[in-house]
Amino acid sequence: MAASWCIEKRGSIRNDSFRDNDNIPETGCLSIIVLGASGDLAKKKTFPALFNLYRQGFLQSNEVHIFGYARTKISDDDLRSRIRGYLSQGKENEGDVSEFLQLIKYVSGSYDSGEGFTLLDRAISEHEFSKNSTEGSSRRLFYFALPPSVYPSVCRMIKSYCMNKSDLGGWTRIVVEKPFGKDLASSEQLSSQIGELFDEPQIYRIDHYLGKELVQNLLVLRFANRFFLPLWNRDNIDNIQIVFREDFGTEGRGGYFDEYGIIRDIIQNHLLQVLCLVAMEKPVSQKPEHIRDEKVKVLQSMLPIEDEEVVLGQYEGYKDDPTVPNNSNTPTFATMVLRIHNERWEGVPFIMKAGKALNSRKAEIRVQFKDVPGDIFRCQKQGRNEFVIRLQPSEAMYMKLTVKKPGLEMSTVQSELDLSYGQRYQGVVIPEAYERLILDTIRGDQQHFVRRDELKAAWEIFTPLLHRIDNGEVKPIPYKPGSRGPAEADELLQNAGYVQTHGYIWIPPTL
């Protein structure tokens with residue numbers, strides 16, 4: 001679970017979970033190696049997350065050093081200059097930025113030859129020696145800000161040249177980014193190649209959605225609140241929607257996106273991980289393996305996706321991008337119904353919806369309850385009770401419910417019970433997902449990372465549909481940018497049982 005801390009001043013942080021974890025030695029320096037350091041992911045996500053952890057005191061200058069590794073031939077100062085603009089700006093952070101950048105050293109080399117990795121190991125070892133770190137007690141964390149195609153060769157190089165001895169509490173861990181393959185076969189091949197070199201406890205498959213504050217809150221909501229426990233089943237819930245919407249298109253990433261599409265890019269990983277947390281049974285404890293065991297059971301209980309319960313879309317203008325083929329069949333929008341064959345969820349449709357170039361930007365979970373039996377107020381047309389968890393933006397949880405409209409008449413209206421984080425937790429900075437997840441890798445907590453059998457089960461659900469799309473057997477429907485997507489998607493929602501509320505709009509409360 002997320003660490004509990006209080007901040008008094010920089011370098012003075014009490015972090016009980018961090019220090020009490022047996023996986024972390026009290027001594028032994030920490031080396032964080034960002035592979036692909038000159039790329040966009042490293043500059044925009046990895047280094048800023050590391051800086052925020054440093055600024056809050058989780059990474060101490062007397063024990064951590066950061067190494068960038070890439071093919072680009074640049075100097076330490078060149079890399080620091082490239083990163084500086086992506087770090088938190090402001091006069092109050094100027095000193096921290098300068099201090100943090102001095103912790104970064106750059107090594108240039110290829111991803112498939114020993115020469116560069118020998119230089120990298122030498123640089124890491126010099127840092128460890130300078131900190132008087134006992135051999136075998138040091139910690140080495142390799143972050144792959146790289147395309148998956150080079151994962152196997154990089155893993156071989158690390159295994160051959162850059163491992164830390166682990167007999168005195170030290171460790172070597174790798175963090176790999178999605179996409180983990182393109183289908184079941186390619187994913188299993190990649191997992192086998194990495195698994196031959198590293199044990200499962202050393203591998204952290206990162207899905208940044210699992211680091212989001214409201215996603216991390218799901219287990220607490222479900223299993224620490226008595227009034228949810230008896231309601232969270234097929235007897236009370238009619239359907240569940242998990243939605244991801246963007247109001248912009250591929251914006252220069254058309255070539256990359258066309259290789260994967262919206263299902264591989266968003267639904268098979270991000271939204272499916274959220275679904276597992278919504279649908280899983282209570283684990284026997286908070287231990288990572290107990291939680292991941294329950295997630296796997298959900299995936300293994302899913303039925304194959306039926307073509308008639310899938311609507312694909314492609315926004316008009318998508319193929320105007322010169323990097324996108326003129327005959328592209330890649331969906332930029334998808335709505336589909338997933339069904340779980342178990343005692344709790346039999347008959348409840350889980351509606352997954354994701355799309356680009358739509359009329360709004362948001363990610364949320366909508367739990368829609370069944371109609372009230374014997375409705376004496378005749379208010380069902382106003383809409384059903386819904387529990388909505390807004391993941392981004394404007395993080396919030398609210399319950400849509402029917403209340404008496406203020407006044408002398410006995411009439412009803414839909415309103416909400418609202419927990420908006422911006423209002424309730426004023427002045428509290430919600431950590432970025434990457435900050436939390438990188439900290440978890442240092443702590444050795446794999447709860448919010450994808451296990452190999454979990455990955456395999458996820459690909460088994462989607463691979464048949466993806467192959468039919470790749471073969472042109474299922475076609476996307478054109479839709480206009482700035483719309484809700486294809487009208488057929490709303491028809492699918494209606495057929496699945498979702499009742500849209502008309503005349504009600506949730507507005508985040510203001511201070």
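Note that these values count all heavy atoms, side chains included, but never hydrogens, waters or copies made by symmetry. Count residues from 1 along the sequence. All values reported here derive from a predicted model rather than from experimental measurement.
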>> Are I203 and V175 packed together at the side-chain level, in the sense that at least one heavy-atom pair is separated by less than 4.5 angstrom?
In response: no
> Could you give all pairs that pass the salt bridge (Lys or Arg N to Asp or Glu O under 4.0 Å) test and reach residues 482-501, with sequence neighbours left out?
Replying inline: R484-D490
> Among E364, K362, R361, which residue meets the side-chain contact (heavy atoms from CB on, under 4.5 Å) test with R245?
Replying inline: K362
>> Centre-to-centre under 6.0 Å for Y315 and F333, is that the case here?
In response: no
> Would you say the side chain of R222 lies within less than 4.5 Å of the side chain of F228, judging by non-hydrogen atoms?
Replying inline: no
> Just wondering, do Q268 and W459 contact through their side chains at under 4.5 Å, heavy atoms?
Replying inline: yes
>> Taking the basic N atoms (NZ, or NE/NH1/NH2) and the acidic carboxylate oxygens, is any pair closer than 4.0 Å for R344 and E281?
In response: yes
>> Under a 4.0 Å threshold between the charged nitrogen and the carboxylate oxygen, would D238 count as salt-bridged to R384?
In response: yes
Pair up each side-chain donor or acceptor in residues 351-358 with any protein partner under 3.5 Å, not counting sequence neighbours, and list the distances.
residue : atom : partner : partner atom : Å
K356    : NZ   : E246    : OE1          : 2.6

>> Check this for me: does any side-chain nitrogen of one of R443 and D440 sit under 4.0 Å from a carboxylate oxygen of the other?
In response: yes
> Name the one of L439, N52, L50 that satisfies side-chain contact (heavy atoms from CB on, under 4.5 Å) with L59?
Replying inline: L50
>> Classify the ring geometry of Y434 against Y143: parallel below 30°, tilted from 30° to 60°, perpendicular beyond 60°.
In response: tilted
> Nearest 0.5 Å, what's the CZ-CZ distance between R366 and F387?
Replying inline: 12.0 Å
> Would S285 and H290 count as having a side-chain donor-acceptor pair, cut-off 3.5 Å?
Replying inline: yes
>> Checking F257 now: which residues fulfil ring pair (Phe, Tyr, Trp, His ring centres under 6.0 Å) with it, not counting sequence neighbours?
In response: none
>> Counting the benzene-type ring for Trp, do Y86 and F47 have ring centres under 6.0 Å apart?
In response: no
